[in-house]
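Here is how names work: the chains are called A, B, and so on, in the same order as the sequence lines, proteins then strands, and each is numbered from 1.
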There are 2 protein chains.
Amino acid sequence: MPKIVDKKQMQKKILNAAMKTFIKEGFHNSTMAKIAKEAGIAKGTLYLYFDSKEALSIAFVDRYFAKMKTWLNQQGEAKTLDEFIFHIKTSLLIDEEEAKFIPVFFEAFGPSFGSEAFRKTIADYFDKMGNFYSQNIAQLIINKEIHSDISPQTIGRVLVSMIDGIMLHYGLFSQERENYENMLNESLHLFKQGLLKRD
Amino acid sequence: MPKIVDKKQMQKKILNAAMKTFIKEGFHNSTMAKIAKEAGIAKGTLYLYFDSKEALSIAFVDRYFAKMKTWLNQQGEAKTLDEFIFHIKTSLLIDEEEAKFIPVFFEAFGPSFGSEAFRKTIADYFDKMGNFYSQNIAQLIINKEIHSDISPQTIGRVLVSMIDGIMLHYGLFSQERENYENMLNESLHLFKQGLLKRD
DNA sequence: TATTTTAATGACTATTTGGTCATAAAAAGG
DNA sequence: CCTTTTTATGACCAAATAGTCATTAAAATA
């Protein structure tokens, strides 16, 4: 009796079209009509799968961060400070392709920072990352690898901010790769010295 | 014969109104009409002083960075590590009003990150800040306040990235003020321990 | 194939808003 | 106080675009 469509498949198709349109036109010139056309459907159809442009944007960003969340969930807990520092280094060593997407991200979603919902989506991701670090730091304090006069909750979230800052500056201001790796080593050294338990 | 008005004074007044409106409404909801109203003038009058909304935005961002550069130039060199850390704390302790402007900045100028020239303008500012820190760190190494196995040039620029990261996360993800100050203290402690010369 | 239910369509609406312009007001000097 | 020049005003216009809805198409099943 009823016509049946794979909703998720359709949303995926639309999100792919959105990506193409965003890259080609810039985010704020990407009208719902253009995105629909790129997906090969009518505007009304698009609204059957996303209630609003904001909903579409949020779904887009969600998918963008999904990969990183998956990566995060795969990470095991570090048992030593060195291992912990290595974890951080791994998360900072994004490849050059990924770095090039950072300015595009701001170009595309800069205007979205006006939306509370949008900011919350991103904030949730960083909070999750912060909690991951916090738990690990708490464990490392128990293991007596890290000195105990710091708050794991606070320093975990701070670490995320600092790491993000380093990554953003790399992506936005395109320092040389070699230079970036120097900076990584220096900052990781600083992190390690800052966290180290002294006897 | 002619009625005469101080153009610069008027532009300043309008830019102040724009700032207020941007913070209150966000950039995209700040219509020229609202800005004019905030400035206590008619919309048509506003267009006598800025040819377009874009012209207004550019004037606005120019003024924003000019202030920060002035602030930077006024800073003296720290003689001790504690003084240096205090410097950093001062630069991180932006007031809540300023923090509220951060999302507005990305909202308004996010799309500009597609422009190489725009990124360079901002990069120059951060480089200037990085050099300031580098020079101070070099001096502190001479003063034997900081251990000598780090590169002042590199760590100066890294510090700027990390500081910027902390500030951005505060502004964008609006943590509680008290929480932010805790984070500041924790991260400054980490910086200090990381930089400290050990005997 | 007829029936039923869901999906697709795109012209249309409602609203928003950057920018204009004819008119009015203000100031300065003769 | 009249004239001239500059400045101020806000109703108005045109364009853009998010979102709607009556109508049509498609698919699944009996």
>> Which residues in residues 35-63 of chain B have a heavy atom closer than 4.0 Å to any atom of DNA chain C?
In response: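 Those residues whose heavy atoms fall under 4.0 Å from DNA chain C, taken from residues 35-63 of chain B in numerical order, are B:K43, B:Y47, B:S52, B:K53.
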
>> Just to be sure I understand the geometry, which residues of residues 24-34 of chain B put a non-hydrogen atom under 4.0 Å away from DNA chain C?
In response: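 Going residue by residue through residues 24-34 of chain B, the ones with a heavy atom under 4.0 Å of DNA chain C turn out to be B:T31, B:M32.
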
> What residues form a side chain to side chain contact (heavy atoms under 4.5 Å, CB included) with A:K20, not counting sequence neighbours?
Replying inline: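 In terms of side chain to side chain contact (heavy atoms under 4.5 Å, CB included), with neighbours along the sequence ignored, A:K20 is linked to A:E38.
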
> Who are the side chain to side chain contact (heavy atoms under 4.5 Å, CB included) partners of B:L72, not counting sequence neighbours?
Replying inline: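 By the side chain to side chain contact (heavy atoms under 4.5 Å, CB included) rule, B:L72 matches B:K128, B:M129, B:F132.
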
> What salt bridge (charged side-chain N to carboxylate O under 4.0 Å, His left out) pairs are there with at least one residue in residues 4-15 of chain B, not counting sequence neighbours?
Replying inline: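 Checked against salt bridge (charged side-chain N to carboxylate O under 4.0 Å, His left out) - neighbours excluded - no pair reaches residues 4-15 of chain B.
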
> Would you call A:K120 and A:E116 a salt bridge, using N to O less than 4.0 angstrom?
Replying inline: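 Looking at A:K120 and A:E116, the cut-off is not met.
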
>> Suppose we screen for salt bridge (charged side-chain N to carboxylate O under 4.0 Å, His left out). Which residues come up paired with A:K43, at least two apart in sequence or across chains?
In response: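 Counting only residues at least two positions away or on another chain, A:K43 forms no salt bridge (charged side-chain N to carboxylate O under 4.0 Å, His left out).
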
> How far apart are the closest heavy atoms of B:L46 and B:I35, and which atoms are they?
Replying inline: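 Here B:L46 and B:I35 meet closest at CD1-CG2, 3.9 Å.
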
>> If you compare all heavy atoms of B:V158 against all heavy atoms of A:S187, which two are closest, and at what distance to 0.1 Å?
In response: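 Here B:V158 and A:S187 meet closest at CG1-CB, 3.4 Å.
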
>> Just the rounded figure in Å: distance from C1' of D:dA28 to NZ of A:K3.
In response: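 After rounding, the gap between these two atoms is 12 Å.
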
>> Tell me the interatomic distance from B:Q11, atom CD, to D:dT7, atom C1', rounded to whole angstroms.
In response: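 Rounded to the whole Å, the gap is 14 Å.
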
> Does the pair B:Y133 and B:R157 meet the rule for a side-chain hydrogen bond (donor to acceptor under 3.5 Å, both in side chains), with working shown?
Replying inline: CA-CA 8 Å; B:Y133 283 142; B:R157 192 60 186 76; over 6 Å; no

